[in-house]
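Residue indices begin at 1 and follow the sequence shown. Hydrogens, waters and symmetry mates play no part in the numbers below; they use all other heavy atoms, side chains included. The structure presented is a predicted model; accordingly, all values stated were derived computationally and were not measured.
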Amino acid sequence: MCSQTKAAAVMANIPRADIDPSGVFKYIVIRVYSREEGDDSEIDIVRGYGWAEYHAGDIYDRVSAELEDGGLLDCECIGGGRIKHNPEAKKIHVYGYSLGYGRANHAETTEKLKEKYPDYEVTWDNEGY
C-alpha cells in the first residue's frame, strides 16, 4: 500500500509558478520540503511580484510564512533574478540575479513558467541584474 504524507499532499497542491500578470519584477525560487519524519519530498516553486522591493524581505518572507504556517513544510530560497512578462506579446524573459540569494537556475525557472504559460515564448539568459 502506498500512502502519501500530509506534507506531500499539501505540496501536490502548491502552484509551481506564480508571477504577476505583466511587467518587470524580481523573482525567487523557493525549495519547499516536508518536515515529517521519513518524508524527503521536496518541490521548487517560482514566485515573482512587482510589489517586491527586495527578494528576501518581501517575496521570501511572505511566501515562506504562508507555506510554513501549518507546521508540515519548511522552505529555503535557492536563488533569484528578474522576470519581464509581456502578456500582449505572450513573452516572458528570465534574467539577472539576486544580491542576497544569488542567481537562480533560469533554465529550470523557464520550464516551470512554460508549464503555466504553454502558449508563450519563454526565454532566459544570465545577463543583467
Side-chain angles (χ1 to χ4, degrees):
M1 181 172 138
C2 181
S3 62
Q4 186 179 48
T5 66
K6 290 179 185 177
V10 170
M11 282 190 275
N13 291 313
I14 297 172
R16 299 309 189 255
D18 184 44
I19 63 170
D20 272 354
S22 66
V24 177
F25 44 85
K26 294 179 180 181
Y27 91 93
I28 59 172
V29 176
I30 300 173
R31 180 155 294 149
V32 182
Y33 52 94
S34 171
R35 297 184 74 188
E36 292 184 272
E37 191 169 329
D39 180 3
D40 60 357
S41 301
E42 66 180 34
I43 59 170
D44 292 344
I45 62 173
V46 175
R47 297 293 183 267
Y49 308 109
W51 51 257
E53 188 174 347
Y54 299 103
H55 291 94
D58 295 328
I59 302 173
Y60 180 74
D61 288 351
R62 184 180 294 185
V63 174
S64 64
E66 291 172 6
L67 293 173
E68 293 173 351
D69 187 42
L72 296 172
L73 305 176
D74 208 348
C75 300
E76 69 175 307
C77 184
I78 59 173
R82 293 181 183 269
I83 291 175
K84 181 178 181 181
H85 185 180
N86 182 339
E88 293 80 21
K90 293 193 174 199
K91 291 184 178 185
I92 296 174
H93 184 65
V94 180
Y95 64 98
Y97 62 93
S98 162
L99 286 173
Y101 293 123
R103 186 181 324 278
N105 183 327
H106 296 327
E108 289 181 10
T109 297
T110 58
E111 290 307 310
K112 289 179 181 8
L113 292 169
K114 285 177 184 178
E115 289 175 19
K116 182 166 180 156
Y117 300 95
D119 56 338
Y120 271 56
E121 177 186 343
V122 184
T123 59
W124 67 274
D125 66 47
N126 286 328
E127 300 302 315
Y129 161 67

Can you see which heavy atom on Lys26 is nearest to which on Glu53, and at what distance? NZ-O, 2.5 Å
Closest heavy-atom contact between Gln4 and Ala12? NE2-CB, 4.5 Å
Other residues, nucleotides, ligands: >12 heavy atoms within 6.0 Å of Lys84 NZ: no
Can you tell me if Arg16 uses its side chain to pair, donor with acceptor, with the backbone of Ile14 under 3.5 Å? yes
Could you tell me which residues satisfy side chain to side chain contact (heavy atoms under 4.5 Å, CB included) with Cys77, sequence neighbours excluded, listed by chain and number? Ile28, Tyr60, Tyr101
Partners meeting side chain to side chain contact (heavy atoms under 4.5 Å, CB included) with Asp125 (sequence neighbours left out): His93, Tyr95, Glu127
Got a second to check how far Ile19's CD1 is from Ile83's CD1, nearest 0.5 Å? 4.5 Å
Approximate separation, where rounding is to 0.5 Å, of Asn105 CG and Asn126 CG: 9.0 Å
Not counting sequence neighbours, list each pair that qualifies as a salt bridge (charged side-chain N to carboxylate O under 4.0 Å, His left out) and has a residue in residues 41-52. Arg31-Glu42, Arg31-Asp44
Partner set under ring pair (Phe, Tyr, Trp, His ring centres under 6.0 Å) for Tyr120, not counting sequence neighbours: His85, Tyr117
Please say which of Tyr27, Trp124, Tyr97 ends up in a side chain to side chain donor-acceptor pair (under 3.5 Å) with His106. Tyr27
Taking only residues two or more places apart in sequence or in another chain, which ones pass salt bridge (Lys or Arg N to Asp or Glu O under 4.0 Å) with Asp20? none
Between Glu115 and Lys112, does any side-chain N to carboxylate O distance fall below 4.0 Å? no
Using the test side chain to side chain donor-acceptor pair (under 3.5 Å), find all partners of Asp69 that sit at least two apart in sequence or belong to another chain. none
